[in-house]
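Note that the numbering runs from 1 along the sequence shown for the chain.
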Amino acid sequence: MISLAETVLRGDRLALARLLTQVENDTAEGRAALDALFPHTGKAHLIGVTGAPGTGKSSLVNQLALHFRKEGKRVAIAAVDPSSPFTGGAVLGDRVRMKDLSGDHGVFIRSMASRGSIGGLAQATASIVQVFDAAGYEIIMIETVGAGQSEVDIAKLAHTTLVVEAPGLGDDIQAIKAGILEIADIIVVNKADRPGVENTEKALKSMLDLAHPTQRVFAHHGQYMSAVLPAEAENNIWIPPLQRTIATDGEGIDELAQHIVEHGEYLHLSGDWAVRERARLESELEATLQSVLMNQFRSRVSEDQFNKVMDQVFERILSPSEAVEALLNGRPK
Ligand SMILES: Nc1nc2c(ncn2[C@@H]2O[C@H](COP(=O)(O)OP(=O)(O)O)[C@@H](O)[C@H]2O)c(=O)[nH]1
Ligand SMILES: [Mg+2]
């Protein structure tokens, strides 16, 4: 019998849709397929698109997809935004524009159900992106919205992160506070047809100038950067460009796509592509290890045992770390 993974590798869209559901539900079949597909991953350019609701992320993703399709690239979209038009929560105009893409077999769009836990969503998104990658989609866009950590977690999946701002939302400072600019590789000022675009740009530029470019770029990657980056690349720093767009009529899209391609080239030249891949896979490995160990632990320790120890923590008889010790050694004090 041919496995689901093999059918997906052959380019069967129906099998792909079925597998994505298995993966989202974290079934045994889904996990087995992910294992089988893993050697086929690592080829796609993963692009995160994040920003406050209503800034135009879905519209931009739609336009970028059309752009990359014209270049003959296969494009997949994972929409994690629960209010996204891809999930049906859109005004009519958006749905109409999505029709530009429907029926095109070089495009695959998947909306993610929102999950209880942020970690779960990030992990499910990572798995779905892996399936797209193995299935041969060269450009994978991940649209996310959220407050702080979920955006950051999902952005960690991407090679290139676009942070979308728009004038007139009054959320510029909010977004910057949330550290969103720190994850930006490219800043998009969408709705450039709206009044106030200069002010939005000015605010963003001054926020960007506050940090030394070196620090800004390097802080994003933590300790990996200095350890793996070739010395000659240190002068070759990526300064996030600021691109104006009007997603509703496609203005600035070619330039934005150009920035994305250039960022991909920069990542390869600087060695940062491999750095990001390694960091991404490492956090995936850690997350998997954590959940497996947790499950193992739960299967060994009964609820009753756990509650008894928990009671002792509550009574201040055991400290949390003594409680863990007691649980790992099999029996409470
Ligand atoms: N005026 C103007 N409206 C836009 C632009 N881009 C998107 N919109 C509109 O803004 C609304 C929100 O867009 P959407 O792409 O759903 O934003 P998202 O919530 O960030 O995904 C929709 O009504 C779009 O048609 C733009 O460049 N200019
Ligand atoms: Mg959206």
Side-chain angles (χ1 to χ4, degrees), residues 3-5 19-39 41-42 46 78 80 112-131 133-134 142 144 146-158 178-179 182-183 219-228 274-333:
S3 72
L4 196 49
L19 177 55
L20 292 174
T21 304
Q22 300 285 341
V23 163
E24 254 196 289
N25 295 334
D26 197 24
T27 65
E29 193 185 0
R31 281 195 296 271
L34 276 175
D35 293 343
L37 290 177
F38 189 72
T41 62
L46 313 184
V80 192
M112 307 276 302
S114 39
R115 286 295 161 107
S117 80
I118 288 164
L121 185 61
Q123 234 184 325
T125 308
S127 300
I128 275 177
V129 163
Q130 267 176 20
V131 173
D133 189 351
I142 309 155
T144 60
Q149 199 51 43
S150 65
E151 277 171 314
V152 173
D153 280 351
I154 293 169
K156 273 189 200 151
L157 293 174
E182 275 175 28
I183 62 169
H220 183 173
H221 312 289
Q223 67 212 44
Y224 298 106
M225 202 69 177
S226 49
V228 190
V275 173
R276 285 189 190 204
E277 281 289 299
R278 198 179 168 93
R280 184 164 67 84
L281 292 171
E282 187 170 325
S283 63
E284 204 177 319
L285 185 68
E286 277 170 6
T288 308
L289 190 59
Q290 242 171 37
S291 78
V292 167
L293 288 176
M294 198 64 184
N295 287 341
Q296 278 181 5
F297 170 75
R298 288 243 165 83
S299 69
R300 279 204 332 230
V301 176
S302 74
E303 188 139 0
D304 192 42
Q305 266 176 303
F306 183 87
N307 286 334
K308 269 189 198 139
V309 170
M310 187 52 226
D311 286 344
Q312 295 183 68
V313 174
F314 185 69
E315 302 293 343
R316 301 294 196 275
I317 297 165
L318 291 177
S319 75
S321 76
E322 286 167 339
V324 167
E325 189 69 24
L327 286 168
L328 288 178
N329 291 335
R331 47 204 252 91
K333 244 186 201 171

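- Without hydrogens or angle criteria, Asp133 side chain to Val129 main chain gives no donor-acceptor distance under 3.5 Å.
- Without hydrogens or angle criteria, Arg31 side chain to Asp26 main chain gives a donor-acceptor distance under 3.5 Å.
- Contact annotation: the side chain of Val301 never approaches that of Val309 to less than 4.5 Å [non-hydrogen atoms, C-beta and beyond].
- Contact between Glu322 and Ile317 at its shortest, heavy atoms only, is OE1-O, 4.0 Å.
- Here the shortest heavy-atom pairing between Ala5 and Ala36 reads CB-CB, 3.8 Å.
- Considering only heavy atoms from C-beta on, Phe297 stays 4.5 Å or farther from Val324 through its side chain.
- Using a 4.5 Å heavy-atom cutoff, the side chains of Gln130 and Leu37 are not in contact.
- Expressed to the nearest 0.5 Å, how far CE of Met310 lies from CG of Leu327 amounts to 10.5 Å.
- Here Thr125 contributes atom OG1 and Glu24 contributes atom CD; the two are 8.0 Å apart, rounded to the nearest 0.5 Å.
- Here the closest non-hydrogen pair linking Arg300 and Leu328 is NH2-O, 4.0 Å.
- Rounding to the nearest 0.5 Å gives a distance of 10.5 Å between CZ of Arg298 and OG of Ser291.
- One distance of note links CG of Asn307 with CD of Gln312; it measures 11.5 Å at 0.5 Å rounding.
- Residues Gln123 and Thr288 are in side-chain contact: their nearest non-hydrogen atoms beyond the backbone lie under 4.5 Å apart.
- Between the CG atom in Leu157 and the CD1 atom in Ile128 there is a gap of 11.0 Å [rounded to 0.5 Å].
- When all heavy atoms of Gly42 and Glu277 are compared, the pair lying nearest together is CA-OE1, 4.4 Å.
- Atom-to-atom distance recorded for Leu46:CG and Thr41:OG1 is 9.5 Å, nearest 0.5 angstrom.
- Across all non-hydrogen atoms, the minimal contact from Glu284 to Ala126 is OE1-CB, 4.2 Å.
- The shortest non-hydrogen separation linking Gly30 to Gln22 is CA-CB, 3.8 Å.
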